[in-house]
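The structure appears below as structure tokens.
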Amino acid sequence: MDHSCWTLISSDCYEHPSFAVFIKKIEKAAVGMMAFIGDQKVEFVPMEQNKVHIKINDKNFDLQDNGFLFWPLDQAPIQNKVFGNFLFKIIRRQNSYVLDFFPQMMINY
């Protein structure tokens, strides 16, 4: 079976969807995830030794354990800084990541 293409696993059913989530097998047992939230592209790319590479709109972010990233609506994101007006947030706890686009979806990766 060819695992080189992305598979849609979730989206909303509006005429102009607010989110879509795709997965793809990267290598061995690793699975990558790509989500579109509004017009923002969020990627979780598994690397070696349980590391995950996070890309948002093709910009790299490295979240440390217990770190978080709010994606504000009106300014540039700053890691580990809380913003009141945000589109989504990513939280890391050890090797788990939560992508929270409240109230539409919450994904544990």
Side-chain angles (χ1 to χ4, degrees):
M1 180 176 194
D2 182 17
H3 296 285
S4 63
C5 63
W6 291 97
T7 301
L8 178 67
I9 61 167
S10 181
S11 71
D12 60 10
C13 296
Y14 297 112
E15 182 177 341
H16 302 285
S18 60
F19 75 91
V21 181
F22 300 83
I23 60 170
K24 175 171 77 169
K25 186 172 181 181
I26 303 298
E27 57 184 51
K28 299 182 185 170
V31 174
M33 183 181 75
M34 177 173 57
F36 291 92
I37 301 173
D39 60 352
Q40 310 300 316
K41 178 181 175 184
V42 182
E43 296 177 86
F44 290 80
V45 182
M47 307 302 278
E48 71 283 342
Q49 300 175 354
N50 293 329
K51 289 197 69 148
V52 173
H53 188 76
I54 298 174
K55 291 171 60 174
I56 303 174
N57 300 328
D58 297 321
K59 183 177 178 186
N60 298 319
F61 291 89
D62 182 26
L63 288 182
Q64 302 300 316
D65 189 19
N66 296 316
F68 57 89
L69 177 69
F70 281 69
W71 195 263
L73 294 173
D74 54 0
Q75 57 187 306
I78 300 172
Q79 290 188 34
N80 300 319
K81 181 175 180 182
V82 176
F83 291 90
N85 191 19
F86 63 95
L87 180 61
F88 63 88
K89 63 184 172 185
I90 300 171
I91 304 166
R92 178 179 175 190
R93 296 290 183 262
Q94 297 178 343
N95 293 326
S96 291
Y97 296 81
V98 173
L99 174 58
D100 184 6
F101 176 48
F102 184 80
Q104 285 84 349
M105 71 163 188
M106 180 182 282
I107 298 172
N108 187 19
Y109 177 85

Give me the atom names and distance for the closest heavy-atom approach of V21 to L8. O-CD1, 3.4 Å

Set of residues satisfying side chain to side chain donor-acceptor pair (under 3.5 Å) with respect to N80, sequence neighbours excluded: none

Transitively linked via ILVMFWY side-chain contacts under 4.5 Å: I54 with F68? no

If you measure only the distance, is there a donor-acceptor pair under 3.5 Å linking the side chains of N66 and Q64? no

If every non-hydrogen atom of V31 is compared with every non-hydrogen atom of I23, which pair is closest and at what distance? CG1-CB, 3.8 Å

Donor-acceptor contact present, side-chain D65 to main-chain Q94, <3.5 Å: yes

If we ignore hydrogens and angles and just use 3.5 Å, is the side chain of N60 paired with the main-chain N or O of K55 as donor and acceptor? no

Checking the side chain of R93 only, and the main-chain atoms of N95 only, is there a donor and an acceptor separated by less than 3.5 Å? no

Take F86 and F70, measure what ring pair (Phe, Tyr, Trp, His ring centres under 6.0 Å) needs, and give me the verdict at the end. CA-CA 6 Å; F86 63 95; F70 281 69; 4.7 Å; yes

Of all heavy-atom pairs between Y97 and I90, which one has the smallest distance, and what is that distance? CD2-CG2, 4.4 Å

Value for CG (D62) from NZ (K51), rounded to nearest 0.5 Å, stands at 5.5 Å

Restricting to non-hydrogen atoms, name the atom on L87 and the atom on F101 that form the minimum distance, rounded to 0.1 Å. O-CD1, 3.2 Å

What's the spacing between I9 CD1 and M33 CE if we round to 0.5 Å? 7.5 Å

At what distance, to the nearest 0.5 angstrom, does NZ of K89 lie from CE of M106? 7.0 Å

Correct closest heavy-atom pair for Q79 and F61 would be NE2-CD2, 3.7 Å

Looking at OG of S11 and CZ of F22, how far apart are the two atoms once the value is rounded to the nearest 0.5 Å? 7.5 Å

Looking only at heavy atoms, the pair that brings G32 and Y109 closest together is CA-OH, 3.9 Å

If you link I, L, V, M, F, W and Y whenever their side-chain heavy atoms are under 4.5 Å apart, who else ends up in the same group as M47? V45

Got a donor-acceptor contact below 3.5 angstrom from the D12 side chain to the S18 backbone? yes

How far does CZ of F88 sit from CD of Q104, to the nearest 0.5 angstrom? 13.0 Å

Just how far is it from atom CZ of F19 to atom CD1 of I107, taken to the nearest 0.5 Å? 7.5 Å

Would you sort out whether L69 and R92 count as a side chain to side chain contact (heavy atoms under 4.5 Å, CB included), showing the intermediate values? CA-CA 9 Å; L69 177 69; R92 178 179 175 190; over 6 Å; no

